Amino acid sequence: MNNELAELLFPNIDKTPEETEALFPQRNLKEGAMVTRFGPSPTGFMHIGNLWGAFLDSIMAKETNGICYLRMEDTDSKREVEGAKELILNALDHFHIHYDEGFGKDGSYGPYIQSDRKEIYQVFAKELVKNGQAYPSFMTEEELQEIRQGQEIRKEITGIYGHYATDRDLSLEEVKKHLENGDSYVIRIKSPGDMNKQIILHDCIKGDILLPENIIDEVILKKDGIPTYHFAHVVDDHLMKTTHVIRGDEWIPSYPKHLQLFQMLGWKSPKYAHHATLTKKEDGKIRKLSKRKDPEFSVSYYKEAGIPAEAVRLYLATLSNTNFEEWYLQNKDKTLEDFTFSYKKMPVGGTLFDIEKLNNICRTYFSRLTADAVYEDCLVYNLEYDTSFAQLMKDNKNRLISFLNIERNAKRPRKDIATYKDLKQESFYMLDSLFFDDAKVTYREMEEKKYDITLLEEYATIFEEGDSYEQWYERVKNFADEHGYASEVKTYKASPEEYKGHVGDICEMIRFAITGRTKTPDLYQILSILGKENLKKRVKFFQKYLQEL
Ligand code: GLU
């Protein structure tokens, strides 16, 4: 009877499971090599948690000389939107997430898009029907809803199982009648599960987790013959020889279904690594990142915000292994590819995704680049997002690179740049056209302080281009002495009433007049880059501004 039923339901499926298996031979990989896969659904939205999963897939495969492949999981056609697959491919490309085979690439385990694998799933669904392990269920939406409502009222497990699974016992004649009527149906497994039994998930990240055995007659093929996520996952990960399923921990409750399906099909299940869900702290409370509230949840946010892809990778690495950050800070000349990641060091619980922390990582990242690289990368960004600034960058290339070089190789390198956008505001005073554009904006940081403009004018005349740092400082100190300022801070502090201020106050005045900032990288170097004429011009500009106040 089961054979006949299987033929009745799947008349077009003539391949056997053996023939299908033969199309997916064992992979010829070394012992310990992991085969991982990234299985995004093309919904038009990719979040940073998805990207994190892809990152983990990619690094774990690479680290073990294994294979990472991309499988497009589009069985839920209701959720699919145009351009969604491109969005995923672009994100993987942008964040340099490498995969060896799969959608958009070659590979011998395809098709790598689930909608093209319909017949493959049906081969195995047919086999389950043949073996009496699956059956067609003709229950209508109304019937299902009624059952669910009753179960909820009685606080029972919801779903089709036990005496709710009435279609388990349909005779061949009854099935035929339904088919003749054109009644739609799904294929459900006959779950052999026992409500009183438990199974253990040996999770690579979270350790052993006890879960109830699955008792539900889960749907494996929907009305249109398309598999559910559960069935597609099991069939694909078996055939494509996945060794490690890395996925979000929201899937843990589904694991009993998956294990059961592997067992019913007589297959070995892969290992599972369920990574934590990304969370955010808000008003002292921890909550999941949200598509609606948190722009940083979307992978599309980072490119436009000017956050380097490599810095995002570094942050994902920080989230991935608890010992990564310390290693990165200690190893200035290494990249994350040099680090050995392990499941054991992955966080088990909810993981905070802290944009401030990412910001700090960005600063460290930029501080380790050469000035030329910062310039080039910022230029690429601005060519796309701020073309007028890009033009200014081109016109002032040498000046900007000299500026970026200030304190770059210092013991504590400067960390003023966190995004490609920041270069504009951090360097605006080095670019004459921006600096002289609007005095009100240029000097907006003006403090309640006395600025001695005559003193500044005079300073501009004694400044010598080409002075070494020591010569320059000596000159400023002499200048201070001659104008009633202490040349040493110490001397000033001993008897402040005798002086107008000290050498530092003079430097602050110069700094403010020529940059409009109270804090900048090394003043001597800025002066050296700008030169004497520009210094004079800027003092005049400041004077005019003060007069107009
Ligand atoms: N398509 C599933 C999702 O987007 C993938 C889950 C998995 O990796 O197994 O959530």
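Sequence positions, counted from 1, serve as the residue numbers for this chain. Please read these numbers as outputs of a predicted model, since none were measured by experiment. Atoms within a ligand are numbered from 1 in the order they appear, just like the ligands themselves.
Counting only N and O atoms by type, the side chains of Glu101 and Tyr112 include a donor and acceptor under 3.5 Å apart. One side chain, Gln260 or Ser191, offers a donor N or O that lies under 3.5 Å from an acceptor on the other. For the 3.5 Å distance criterion, the side chains of Asp236 and Tyr109 fail to qualify, holding no donor opposite an acceptor. Looking at Asp74 and Ser115, their side chains do bring a donor and an acceptor atom within 3.5 Å of each other.
Taking distance alone, with nitrogen or oxygen atoms compared against 3.5 Å, Gly39 approaches ligand 1 more closely than that limit. Here's the thing with Arg37: one of its N/O atoms is less than 3.5 angstrom from an N/O atom of ligand 1.
Below 4.0 Å from some heavy atom of Glu73 lie the following atoms of ligand 1, by number and element: 1 (N), 2 (C), 5 (C). Annotation for ligand 1: atoms under 4.0 Å from non-hydrogen atoms of Arg247 are 7 (C), 8 (O), 9 (O).
In this structure, Gln151 places its CD atom where more than 12 heavy-atom neighbours from other residues, nucleotides or ligands lie under 6.0 Å away.
Look at Trp251 and you'll find a heavy atom under 4.0 Å from some atom of ligand 1. The shortest heavy-atom distance from Glu250 to ligand 1 is not under 4.0 Å.
Under the side-chain hydrogen bond (donor to acceptor under 3.5 Å, both in side chains) criterion, the residue pairs touching residues 197-209 are His202-Asp208, Asp203-His274, Lys206-Asp249, with sequence neighbours excluded.
Under 4.0 angstrom from ligand 1, there are no non-hydrogen atoms of Phe38.
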